[in-house]
Amino acid sequence: MTRTTAVSSDIDSRDVPAPVRRKDVAVLVPAAGMGLRLGGGTPKALRELAGEPLLVHACRRLALAPSVAMIVIAAPPGDVDAVRALVPGAVVVPGGATRQQSVAAALAVVPESIEVVLVHDAARALTPPELVEAVAAAVRSGAAAVVPALPVVDTIKRVDAGEHVLETVDRAPLRVIQTPQGFPRDTLVRAHAEAVDEHTDDAGMVERLGHKVHCVPGSDLALKITRPLDLLIAESLLAAHPLPES
Ligand SMILES: Nc1ccn([C@@H]2O[C@H](COP(=O)(O)OP(=O)(O)OP(=O)(O)O)[C@@H](O)[C@H]2O)c(=O)n1
Ligand SMILES: C[C@](O)(CO)[C@H](O)COP(=O)(O)O
């Protein structure tokens, strides 16, 4: 028996605009960190996961996001040519001494015609293209800054210098923040130009300008590979969530 599904609608399909596929996003990929907490002596973005550098995993997923027009990588200064060979479609610049300086170096080469800029850690190598699209869409909808956020799952306590607990913090309003973080280009340029101190993320700089930062749901796949345990977790995640065959 053939099963049919009746779809009734009084909207003429000719009235429905086709989904807009805009390639209007530049993604800056800070990848110049040493990865001291991971160890191993190789810059972290070049450390391998299942036989390929973390940076390659990260850029492959970025390139699968329909909005992405260009990828700019801030590479370890001694590995610029190696990174160009690994990710041939990307623009590669030497990174700086801090994450913030690496992002600024990449931002400096984004053409003015690009209106939406995302910043994405190479260390979040398994971030799915869907999260990139969700962040880009929220920027297009008018947000000054967009961050993926996850709830905190552990009890949080504040301690003093001697590791004595001062208080147990209410975790309900706390969030763990990931990348990609998204911005209108002009806002990110201004945030970097006016930053007076070091920030751990770009949204923090935009927040300092007085703008509201908008959260979208984060992803477990966007974990930051920071310590050796994270590499083991990433191996399992990669096996469980391979990219579809092209
Ligand atoms: N001078 C720096 C420092 C960090 N990063 C990048 O910023 C991202 C997030 O940083 P983190 O995961 O903390 O990397 P590292 O700084 O390499 O780690 P660690 O602090 O353990 O050395 C990474 O993709 C890293 O390569 C960068 O581009 N330039
Ligand atoms: C930008 C970031 O990934 C957001 O969670 C994070 O702040 C980077 O921090 P790190 O101290 O450089 O690991």
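Side chains are part of it too, since the values below use all heavy atoms of this structure and drop only hydrogens, waters and symmetry mates. Start at 1 and go down the list; that is how both ligands and their atoms are numbered.
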Sidechain N-carboxylate O distance under 4.0 Å for Arg60, Glu52 | yes

Decide whether His199 and Asp197 meet the rule of one side-chain donor and one side-chain acceptor closer than 3.5 Å.
-> yes

Do Arg190 and Asp186 come within less than 4.5 Å of each other through their side chains, counting heavy atoms only?
-> no

Asp121 and side chain to side chain donor-acceptor pair (under 3.5 Å): which partner among Gln181, Lys44, Arg99, Lys224?
-> Arg99

Is there a side-chain contact between Leu166 and Val159 (heavy atoms, below 4.5 Å)?
-> no

Counting heavy atoms not belonging to Glu112, are there more than 12 under 6.0 Å from its CD?
-> no

Below 4.5 Å, heavy atoms only, C-beta onward: do His120 and Leu28 meet side chain to side chain?
-> no

Mind checking salt bridge (charged side-chain N to carboxylate O under 4.0 Å, His left out) for Arg175 and listing every partner two or more places apart, or none if nothing turns up?
-> none

Non-hydrogen atoms closer than 4.0 Å to ligand 1: which protein residues do they belong to? List them by chain and number, please.
-> Pro30, Ala31, Ala32, Gly33, Met34, Gly35, Leu36, Arg37, Lys44, Gly96, Ala97, Thr98, Arg99, Ser102, Asp121, Ala122, Ala123, Lys224

Which residue pairs satisfy the side-chain hydrogen bond (donor to acceptor under 3.5 Å, both in side chains) criterion with at least one member in residues 26-39, sequence neighbours excluded?
-> none

Could you list each N/O atom of ligand 2 together with any protein N/O atom closer than 3.5 Å, one pair per line with the distance?
from: ligand 2; atom 1: 3 (O); to: Asp121; atom 2: OD2; distance (Å): 2.5
from: ligand 2; atom 1: 3 (O); to: Arg124; atom 2: NE; distance (Å): 3.4
from: ligand 2; atom 1: 3 (O); to: Arg124; atom 2: NH2; distance (Å): 2.8
from: ligand 2; atom 1: 5 (O); to: Arg124; atom 2: NH2; distance (Å): 2.9
from: ligand 2; atom 1: 5 (O); to: Ile177; atom 2: O; distance (Å): 2.5
from: ligand 2; atom 1: 7 (O); to: Thr200; atom 2: O; distance (Å): 3.0
from: ligand 2; atom 1: 13 (O); to: Arg37; atom 2: NH2; distance (Å): 3.1
from: ligand 2; atom 1: 13 (O); to: Lys224; atom 2: NZ; distance (Å): 2.4

